[in-house]
Visitor: 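This is the structure, below, for whatever I ask next.
A quick note: this is a predicted structure, and the numbers were derived from the prediction, not measured.
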Amino acid sequence: MTVELRALEPGQWDNWYGKLERAFGSAREPAEERALWQGLTEFERSIAAWDEDEVVGTAGAFSFGLSVPGGPVVPAAGVTMVSVASTHRRRGVLTSMMRRQLDDVRQRGEPLAVLTASEPGIYGRFGYGVASEQLRLEIDTARVRLALPEGVDGVRLRFVTQEEGRDACEEVYARLVAGRPGMLERRPGWERLPTLDPEEAREGSGALLCVLAEAEGEVRGYTRYAMKAQWGPQGPDGTVVLRDLEALDPVVYAALWRYLFGLDLTSKLVARNRPADEALLHLVSDARRCRPSTRDGLFVRPLDVSAALEARKYTAPVDVVLEVTDPFCPWNEGRWRLSGDSKGAVCGRTADPADLALSVRELGSAYLGGFSLSSLARAGRVRELRGGALTEASVAFRSDVAPWVAHGF
């Protein structure tokens with residue numbers, strides 16, 4: 001078997017995307033959704049694996065800016081749409097696509113690649129480490145009460161159409177990106193993703209609704225949600241299905257949650273993707289009845305160890321030598337001295353003895369500050385070679401705000 005990798009051409013998109021849908025076992029997506037993804041596809045960054053005249057593998061990447069601890073957004077490749085036909089598994093197709101893709105990311109000067117995984121077990125061998133978590137909530141709003149800060153009654157809420165609210169919502173979102181590691185700077189066209197609402201994909205819910213929250217004449221928050229009508233023997237028992245809730249201050253944040261908790265004919269609120277440090281859990285009367293659960297969120301893969309570590313800031317002074325292993329991208333292998341603090345950092349190759357030993361996968365897991373190097377060490381994934389180095393580095397790498405990616409790609 002000879003499989004040839006080629007850049008995707010615009011006229012091949014429908015066939016290519018159809019093979020992706022088949023690999024994921026899904027029917028053809030709604031036309032509205034397909035049109036969105038076709039419009040967002042960066043063809044020069046999309047790979048088609050061909051076996052003669054048949055597409056047997058797909059992979060793509062989006063050009064993002066990624067928020068990192070204490071620093072500006074960093075260029076990152078958002079790896080996406082990866083599939084291999086079931087007829088061509090275990091023949092090196094995925095490995096060859098990952099090889100080509102990561103080489104391309106490096107040539108573009110992007111120090112990081114990121115992804116969200118349909119199957120988390122796949123990507124560790126290519127150097128991706130889980131760097132954030134997402135929180136799921138199923139809240140019994142009939143029994144859970146909120147402790148609200150002063151000023152909530154002064155927040156004005158109003159309905160808008162998705163189109164009317166799009167610019168205001170994007171402005172709020174953009175103001176929040178730098179304050180939370182893992183958030184993506186949305187490029188033109190991506191503002192359509194949060195409002196995507198094909199009727200075929202609603203799973204029994206109504207249309208997506210948008211509410212803006214205003215204080216002192218300024219839009220300072222928003223929520224997007226749908227309602228799923230249900231009736232039980234005792235009457236209405238509907239569900240609020242939350243898509244987005246963002247706010248610029250605690251008062252507006254609480255006002256939006258109060259609004260969602262109080263919607264008529266509902267007794268449950270489901271939020272599928274919220275930050276691991278969701279502040280709501282400090283406002284509720286009973287966190288158990290919110291049924292919190294977590295799963296993996298964003299995976300991070302350093303492509304240029306030096307540039308990646310210099311791009312972020314550190315919560316405490318750090319001066320350590322890291323011995324990094326990276327068999328898939330061997331240019332990262334070796335010893336790197338990282339010296340930094342809350343103002344910045346430098347990182348370069350060194351011949352000095354190593355203080356910590358770890359693979360690039362663990363470096364990716366710790367990079368956004370959501371998982372500590374100490375925790376990884378307790379799992380045997382990081383080795384301390386100089387006494388005290390683990391605590392020093394672990395404290396420095398941590399982020400005060402949990403990393404989180406607000407949406408998939």
Visitor: Is there a donor-acceptor pair under 3.5 Å between the side chain of N332 and the backbone N or O of V305?
Guide: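 It does hold such a pair.
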
Visitor: Step by step, work out the side chain to side chain contact (heavy atoms under 4.5 Å, CB included) result for Y367 and L112.
Guide: CA-CA 10 Å; Y367 183 75; L112 300 166; 3.7 Å; yes

Visitor: Hey, is CD on E44 packed in by over 12 heavy atoms from elsewhere, all under 6.0 Å?
Guide: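 Counting other residues, nucleotides and ligands, CD of E44 exceeds 12 neighbours.
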
Visitor: Keeping the roles fixed (side chain from T141, backbone from L269), state whether a donor-acceptor pair exists under 3.5 Å.
Guide: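 Flag not set: sc T141 to bb L269 has no pair under 3.5 Å.
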
Visitor: When you compare the side chain of T325 with that of E362, does any pair of heavy atoms fall below 4.5 Å?
Guide: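 Contact flag for E362/T325 side chains = no.
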
Visitor: Are any side-chain N or O atoms of W404 and backbone N or O atoms of L298, one a donor and one an acceptor, separated by less than 3.5 Å?
Guide: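 Between the backbone of L298 and the side chain of W404 there is no qualifying donor-acceptor contact (under 3.5 Å).
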
Visitor: Regarding R106 and D304, does a basic nitrogen lie under 4.0 Å from an acidic carboxylate oxygen?
Guide: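 Looking at D304 together with R106, the answer is no, because their closest N to O distance does not fall below 4.0 Å.
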
Visitor: Looking only at heavy atoms, which two atoms of P72 and A311 are closest? And how far apart?
Guide: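 Closest heavy-atom pair between P72 and A311: CD-O, 4.4 Å.
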
Visitor: Under 3.5 Å, is there a donor-acceptor pair between the side chain of S359 and the main chain of R361?
Guide: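 It does hold such a pair.
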
Visitor: Applying side chain to side chain contact (heavy atoms under 4.5 Å, CB included), name anything that partners S372, two or more places apart in sequence or on another chain.
Guide: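 Partners of S372 by the side chain to side chain contact (heavy atoms under 4.5 Å, CB included) criterion, ordered by chain and then number, come out as S374, S375, S394, R398.
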
Visitor: Under the 3.5 angstrom rule, does the side chain of S267 hit a backbone N or O of A142 as a donor-acceptor pair?
Guide: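 It does not hold such a pair.
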
Visitor: Hey, does the side chain of E333 reach the backbone of P330 with a donor-acceptor pair shorter than 3.5 angstrom?
Guide: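 Judged by distance alone, no pair lies under 3.5 Å.
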
Visitor: Any salt bridge (Lys or Arg N to Asp or Glu O under 4.0 Å) pairs touching residues 174-183, not counting sequence neighbours?
Guide: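 Counting only pairs at least two positions apart or across chains, the salt bridge (Lys or Arg N to Asp or Glu O under 4.0 Å) contacts touching residues 174-183 are R175-E218, R180-D277.
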
Visitor: If you measure only the distance, is there a donor-acceptor pair under 3.5 Å linking the side chains of R187 and S63?
Guide: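 There is no such pair between these side chains.
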
Visitor: Taking all non-hydrogen atoms of both residues into account, name the closest pair between R301 and G127 and its distance.
Guide: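 Nearest heavy atoms, R301 then G127: CG-O, 3.2 Å.
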
Visitor: So, R337 and D355, do they make that salt bridge, N to O below 4.0 Å?
Guide: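 No, R337 and D355 are not salt-bridged.
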
Visitor: Does E21 pair with R34 as a salt bridge, N-O distance under 4.0 Å?
Guide: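 Judged by the 4.0 Å cut-off on N to carboxylate O distance, E21 and R34 do form a salt bridge.
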
Visitor: Over all heavy atoms of both residues, which pair between F126 and L94 is shortest? Give the atoms and the distance, please.
Guide: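 Distance-wise, the nearest heavy atoms are CE1-CD2, 3.9 Å.
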
Visitor: Does either side chain, that of S46 or that of W16, offer a donor lying less than 3.5 Å from an acceptor on the other one?
Guide: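 No donor-acceptor contact under 3.5 Å links the two side chains.
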
Visitor: Is T391 reaching over with its side chain to a backbone N or O of G388, donor-acceptor style, under 3.5 angstrom?
Guide: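 Pair absent, no side-chain N/O of T391 close to backbone of G388.
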
Visitor: Tell me, please, which residues at least two apart from A27 pass side chain to side chain contact (heavy atoms under 4.5 Å, CB included).
Guide: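 A27: no side chain to side chain contact (heavy atoms under 4.5 Å, CB included) contacts found.
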
Visitor: Give a yes or no answer on whether the side chain of S365 reaches the backbone of V130 with a donor-acceptor pair at less than 3.5 Å.
Guide: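 Yes, the answer is positive, given that a donor and an acceptor are paired below the 3.5 Å cut-off.
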
Visitor: For a quick test of reading the model, state the closest non-hydrogen atom pair linking D319 to E392 and the distance between them.
Guide: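 It is N-OE2, 2.7 Å.
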
Visitor: Quick one: does any side-chain atom of E384 pair with a main-chain N or O of L390 as donor and acceptor, under 3.5 Å?
Guide: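 Yes, because the side chain of E384 sits within donor-acceptor range (under 3.5 Å) of the backbone of L390.
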
